[in-house]
Amino acid sequence: MKIDPLEISSLLREQIRKYEKDLKTENVGTVISVGDGIALIYGLDNAMSGELLTFPNGVYGMVQNLEKNNVGAILLNDSDLVKEGDQVKSTGRILEVGVGEEMIGRIVNPLGQPLDGLGKIETKKSRPIERKATGVIDRQPVVQPLETGIKVLDALVPIGRGQRELIIGDRQTGKTSIAVDTILNQKGKDVICIYVAIGQKQTTVLNIYETLKRYDAMKYSIIVAANASDPAPLLFLAPYAGVTMGEEFMFAGKHVLIIYDDLTKHAIAYRELSLLLRRPPGREAFPGDVFYLHSRLLERAAKLSDTLGGGSITALPIIETQEGDISAYIPTNVISITDGQIFLQSKLFYSGIRPAINAGLSVSRVGGSAQHKAIKRVSGTLRLDLASYRELEAFTQFGSDLDDATKAKLDRGERTVEILKQGLHETLPFELQAVSIFSLNNGYLDSIKVTNIKRFETELHDFMQRDSEGKALLDEMRKTKNLPDQETLESVLDRFHSDFI
């Protein structure tokens, strides 16, 4: 076989012409120690704070500490698969989570992975879990009510869309119940709800899921769960993942309600991570930036300006106190960040007053700006009536001789407390709440025995919805958000009151 040198040289020239240099650079480090979900890595000189790292065996991490000689990272899944000497690669990306409509109706972990066994979630978009909060210029005042369906809250501690209202109290006083009832009351109100469970038992999360499913609320809800058995890094990431999912809807012009249950466990998880990362401890062994931990989270709740679509995130963080001590470190931090607090008291809870809200210590800094006119008009003196009743109740324990005026105040106070009681998952639309409080203010309950008040209210609501005139008044209230003509409302109540046995 004869080989033509010209042919070979032309082939070589063609190959050289087509040759392309494909150089790929990677930022690579080495694990120098690992334990308790923390890895120290040498060699990642260009790492960013919050950057996603890849370890062998499919383990992911997130950069937390940037030190002179090494990088401290938290491990996001099975840390047992990482060992000393393993090679670590930086991705150049801040940690992200999947967002979008596909998340609605699902239970996911803080990484956006499903926990409900309903198959993989194919999201079209993702967002970084850490983001600078919306600036002042891009916000607008909170004026649109977010109805909880709970009389004492909507009347005394109104919550607006875009507000941050703290729910605080000892364990087992009904904090989660208030949050769940608020989610149930958003049915048909075009609000997407996100419940973030931080360090809760799996059975607790399952019970909440079953409740939301039973009341058909999972159709507009997402549950982000970092369970008690999960490592501290997931508990730390959970609320940030939840608010990131909410921001996707907020920037699309929608309204979001997010519950953080609870931020006490979140702070404890962060303390654990910080101490393991050798950060200096401060008060109660918490790191110095624990205030920033919650402020950068809660500041992401906002009511956007109309130019940005007018969407909102309303945050209801929950804090657990010890023996009602709201002056502890974490409670005072979160109180100073939020726009008011709902204080639940053990004493009231155990005496049968549900929800066990202390009207004196509970406040909304948005106040009547985010309240329907109907509720605002009937609830004007309610807080003062309750406060004076509590004072008189304590005073009368020391004596039995009471004048008629004091007796009348005590009787009205008892009826006020009774009418504000509400059963679990028994939320009410604002127009029926207004009718109940109007009947109290105008003396319709004065002749009713305290034991019959609950029955009076139930039958009154049924009557208003059946009676043609009553139904027309309720429709008018729904439309105008204001009280109807007082004489017409009184004539309907007079008819019902005369027939009530």
Side-chain angles (χ1 to χ4, degrees), residues 133-169 175 178-179 181-183 185-186 189-191 193-194 243 246 250 254-260 263 294-295 297-306 308-319 326 331-344 355 357-384 386-387 420 427 429-430 433-434 437 481-482:
T134 309
V136 176
I137 303 302
D138 294 327
R139 298 175 183 237
Q140 62 174 299
V142 175
V143 292
Q144 193 177 358
L146 184 123
E147 298 167 37
T148 65
I150 300 167
K151 285 173 285 188
V152 66
L153 286 188
D154 290 341
L156 299 179
V157 197
I159 299 169
R161 292 186 181 183
Q163 191 174 343
R164 300 151 300 180
E165 184 76 13
L166 174 63
I167 301 172
I168 188 167
K175 300 187 296 296
I178 284 177
D181 281 358
T182 306
I183 292 174
N185 198 56
Q186 303 316 306
K189 293 184 171 67
D190 198 28
V191 176
C193 302
I194 302 170
V243 75
M250 176 177 76
K254 296 178 181 178
H255 299 286
V256 178
L257 167 68
I258 187 162
I259 316 290
Y260 303 114
L263 290 187
H294 289 149
S295 62
L297 169 71
L298 294 169
E299 280 295 324
R300 287 166 75 175
K303 177 79 169 85
L304 295 183
S305 63
D306 290 334
L308 287 177
S312 71
I313 291 180
T314 308
L316 295 183
I318 295 174
I319 286 285
I326 58 172
T332 49
N333 275 356
V334 183
I335 285 170
S336 64
I337 298 164
T338 49
D339 306 311
Q341 69 274 348
I342 298 159
F343 182 61
L344 293 145
I357 293 166
N358 181 317
L361 292 175
S362 299
V363 63
S364 170
R365 295 190 185 102
V366 172
S369 302
Q371 203 172 22
H372 290 308
K373 286 180 182 175
I375 297 288
K376 195 173 182 178
R377 281 177 62 184
V378 296
S379 61
T381 60
L382 213 52
R383 190 184 293 274
L384 285 173
L386 275 173
L420 291 177
T427 57
F430 82 92
Q433 293 181 32
I437 300 169
K481 311 296 182 192
N482 207 340

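Only heavy atoms go into these numbers, but all of them, side chains included; no hydrogens, no water, no symmetry mates.
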Test log, rule side-chain contact (heavy atoms from CB on, under 4.5 Å), inputs V256 and I194: CA-CA 7 Å; V256 178; I194 302 170; 4.0 Å; yes

side-chain contact (heavy atoms from CB on, under 4.5 Å) assessment of F343 paired with I167: CA-CA 6 Å; F343 182 61; I167 301 172; over 6 Å; no

Check against side-chain contact (heavy atoms from CB on, under 4.5 Å), L156 and L386: CA-CA 11 Å; L156 299 179; L386 275 173; 3.8 Å; yes

side-chain contact (heavy atoms from CB on, under 4.5 Å) evaluation trace for T314 with I159: CA-CA 9 Å; T314 308; I159 299 169; 3.9 Å; yes

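The residue from K303, R161, H255, R139 that alone fulfils the side-chain hydrogen bond (donor to acceptor under 3.5 Å, both in side chains) condition with S312 is H255. Screening N185, I313, L146 against L257 for a side chain to side chain contact (heavy atoms under 4.5 Å, CB included) leaves a single residue, L146.
For the residue pair L298 and P317, the shortest heavy atom distance occurs at CD2-CG, 3.9 Å. Residues L166 and V334 approach most closely at CD1-CG1, 3.8 Å, considering heavy atoms. Between A155 and L382, the shortest heavy-atom contact is CB-CD2, 4.0 Å. The two atoms that bring M250 and A302 nearest to each other are SD-O, 3.8 Å, heavy atoms only. Between P158 and S364, the shortest heavy-atom distance links the atoms O-OG, 2.7 Å. For the pair P145 and H372, the tightest heavy-atom approach, listed with the atom from each and the gap, is CG-CE1, 3.7 Å.
For the pair T427 (side chain) and D181 (backbone), a donor-acceptor distance under 3.5 Å is absent. Between the Q144 side chain and the A370 main chain, no donor and acceptor come within less than 3.5 Å of each other. Judged purely by atom type and a 3.5 angstrom limit, R164 has no side-chain atom pairing as donor or acceptor with the backbone of L316. Listed for the S336 side chain is a donor-acceptor partner under 3.5 Å among the backbone atoms of N333.
Side-chain polar atoms of Q433 and S379 form no donor-acceptor pair below 3.5 angstrom. Side-chain atoms of T148 and D154 include a donor-acceptor pair closer than 3.5 Å.
Between I342 and E165 there is a side-chain heavy-atom pair separated by less than 4.5 Å. Residues L304 and T134 have side chains in contact (heavy-atom distance under 4.5 Å, counting atoms from C-beta outward). Side-chain atoms of K189 and E147, non-hydrogen and from C-beta on, do get closer than 4.5 Å to each other. A 4.5 Å side-chain heavy-atom check between T332 and I326 finds every atom pair outside the cut-off. Using a 4.5 Å heavy-atom threshold, the side chains of I178 and I318 count as separate. At least one side-chain heavy atom of I183 sits under 4.5 Å from a side-chain heavy atom of I259. Two residues are said to be in side-chain contact when any heavy atoms from C-beta on lie closer than 4.5 Å; P355 and V152 meet this criterion. Contact annotation: the side chain of V363 approaches that of Q341 to within less than 4.5 Å [non-hydrogen atoms, C-beta and beyond].
For H294, the ring-ring contact (aromatic ring centres under 6.0 Å, His included) test picks out H266, with sequence neighbours left out.
Note that the CD1 atom of I168 and the CG atom of L263 stand 10.5 Å from one another [nearest 0.5 Å]. I137 contributes atom CD1, which lies 9.5 Å from atom OG of S305 (distance to the nearest 0.5 angstrom). Atom CD1 in I357 sits 9.0 Å away from atom CG in L420 (nearest 0.5 Å).
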